[in-house]
Novice: 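Take this structure first; my questions come after.
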Amino acid sequence: MQSAHPEQETDNYFTAGPGSMTVGAVAAIIMIAATALLMPSLKPEAEQGLCVALSTDMIPHLLGCGINTLLIAFAIILAFVFNKKHSFVRSTEALLPTTMAVILASNPINTSYLGAPVVMLIVNLVCLDIMMKSYASENATTSMFAVATYLSVGSMVQYAFVPLMVVYPIMALMAKTLRIKECVAYVMGLVAPYWVALGFGLLSLSDFRMPQFLTVFPDAEGSYMPLVMTSLCTLALVGLLMILNNAMLIYAGNMRVRTFNNMINLLGSACGLFMLIDFDNFGAYASSLCFAVSVQISNFFAMRRIPQSPVWFWGLLSLFMALFIFMLIESLIA
């Protein structure tokens, strides 16, 4: 039987269906390959933590980019699976993975080296999953301890995890799980990794250093750094517009879903703020910001029936792909 609305099926195929994911995957692979092969790396000299500094030159450039690409794919799969569990995007199809793939791949700070950006995104996804599973739980001590432990271990090798330690208790308050016993569990989770490391002699007190929050424009090998920052600023602006546009529809929906979206918005807003405060380490927060904005872009198209939605959907994603092309041209002619 012929479909009553064949044009709607076509729109769905190229917005939220297999066609969308195929186009997004191909575009992402091309951008990641171009970044690895043609553009100067944006990697810092080392990932600076509270007690350890890890060199970013420990493995060859192309191998690091390859591993990082696998981590990006893993993060996209995690986000897709977690969305099927928690429904923070009102679609379990290809909207979120497609948007994430294109937006993450469109900025070289996410793809040009193996380091903090994508690893921090994966940790944030896991912590968000834990927080969402504990929503309105009468006992969330184990969840709070686990989240704090992940953040504490991360802070040892990348101090960008430190400001996030303030964000997750606020999420717990939003999820109606923050009580005295959860606060105690959270503090214990923050202290435990350092206590164990000191107790086993893996660290000494002389290894600790305070993070250096620099408020100067970061140095980088790539001459296209202003375009990288322009892309991230554009992403933040698009994210803000999407939050404002989605607010009423999300507010009118299920309170649980509304809370989950507010958690993700809080994470994205915090990462955007930390990027402004900590210019020298802005890349560490970039992938998590990309995820938060991807969720709101996906919600915008999932919650509305938009005529010719593939045109608008891919038109928006093409904005970030165009910025990537400008970065590529700038790096080649510099």
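None of the values given here were measured: they were computed from a predicted structure. In this chain, residues are counted from 1 in sequence order.
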Novice: Just say parallel, tilted or perpendicular for the rings of Tyr285 and Phe274, cut-offs at 30° and 60°.
Specialist: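 Tilted, since the angle between the ring planes falls between 30° and 60°.
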
Novice: Locate the shortest heavy-atom distance separating Asn254 from Arg90; write the atom from each residue and the value.
Specialist: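 The answer is N-NH2, 4.5 Å.
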
Novice: Looking at Leu63, I want to see if its CG is surrounded by more than 12 non-hydrogen atoms of other residues, nucleotides or ligands under 6.0 Å.
Specialist: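 It does: Leu63 CG has more than 12 such atoms within range.
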
Novice: Give a yes or no on this: more than 12 heavy atoms of other residues, nucleotides or ligands lie within 6.0 Å of atom CZ of Phe326.
Specialist: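 It does not: Phe326 CZ has 12 such atoms or fewer within range.
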
Novice: Does a side-chain heavy-atom distance below 4.5 Å link Ser137 with Ser143?
Specialist: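 Counting from C-beta outward, Ser137 and Ser143 never come under 4.5 Å.
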
Novice: Does CE belonging to Met188 count more than 12 external heavy atoms closer than 6.0 Å?
Specialist: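 At most 12 heavy atoms, drawn from other residues, nucleotides or ligands, come within 6.0 Å of this atom.
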
Novice: Quick one: side chain to side chain donor-acceptor pair (under 3.5 Å) partners of Tyr194, sequence neighbours excluded?
Specialist: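 Expected list: Ser155.
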
Novice: Can you tell me how the ring of Phe82 sits relative to the ring of His86, calling it parallel under 30°, perpendicular over 60° and tilted otherwise?
Specialist: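 The arrangement is tilted - the two ring planes meet at 30° to 60°.
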
Novice: Testing the basics here: between Glu47 and Ala116, what is the closest heavy-atom pair and its distance to 0.1 Å?
Specialist: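 Heavy atoms only, the tightest pair is OE2-N, 2.9 Å.
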
Novice: Does Asp278 form a side-chain hydrogen bond (donor to acceptor under 3.5 Å, both in side chains) with Tyr159? I'd like the steps, not just the answer.
Specialist: CA-CA 11 Å; Asp278 187 20; Tyr159 68 80; 3.1 Å; yes

Novice: Please check this pair: side chain of Asn299 against backbone of Phe88, looking for a donor-acceptor N/O pair closer than 3.5 Å.
Specialist: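 Such a contact is found between Asn299 side chain and Phe88 backbone.
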
Novice: Any side-chain heavy-atom pair from Ile76 and Phe80 closer than 4.5 angstrom?
Specialist: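 Ile76 vs Phe80: side chains apart.
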
Novice: Run the ring pair (Phe, Tyr, Trp, His ring centres under 6.0 Å) check on Phe260 and Tyr135 step by step: do they pass?
Specialist: CA-CA 9 Å; Phe260 293 167; Tyr135 176 81; 5.7 Å; yes

Novice: What about the rings of Phe161 and Tyr150, do their centers lie closer together than 6.0 Å?
Specialist: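 Centroid distance Phe161-Tyr150: not below 6.0 Å, so no.
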
Novice: Quick check: closest heavy atoms across Ala105 and Met31, and the distance to 0.1 Å?
Specialist: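 Smallest heavy-atom distance, with atoms named: O-CB, 3.6 Å.
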
Novice: Side chains of Met327 and Pro108, heavy atoms from C-beta outward: is any pair under 4.5 Å?
Specialist: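 Answer yes - side chains close enough.
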
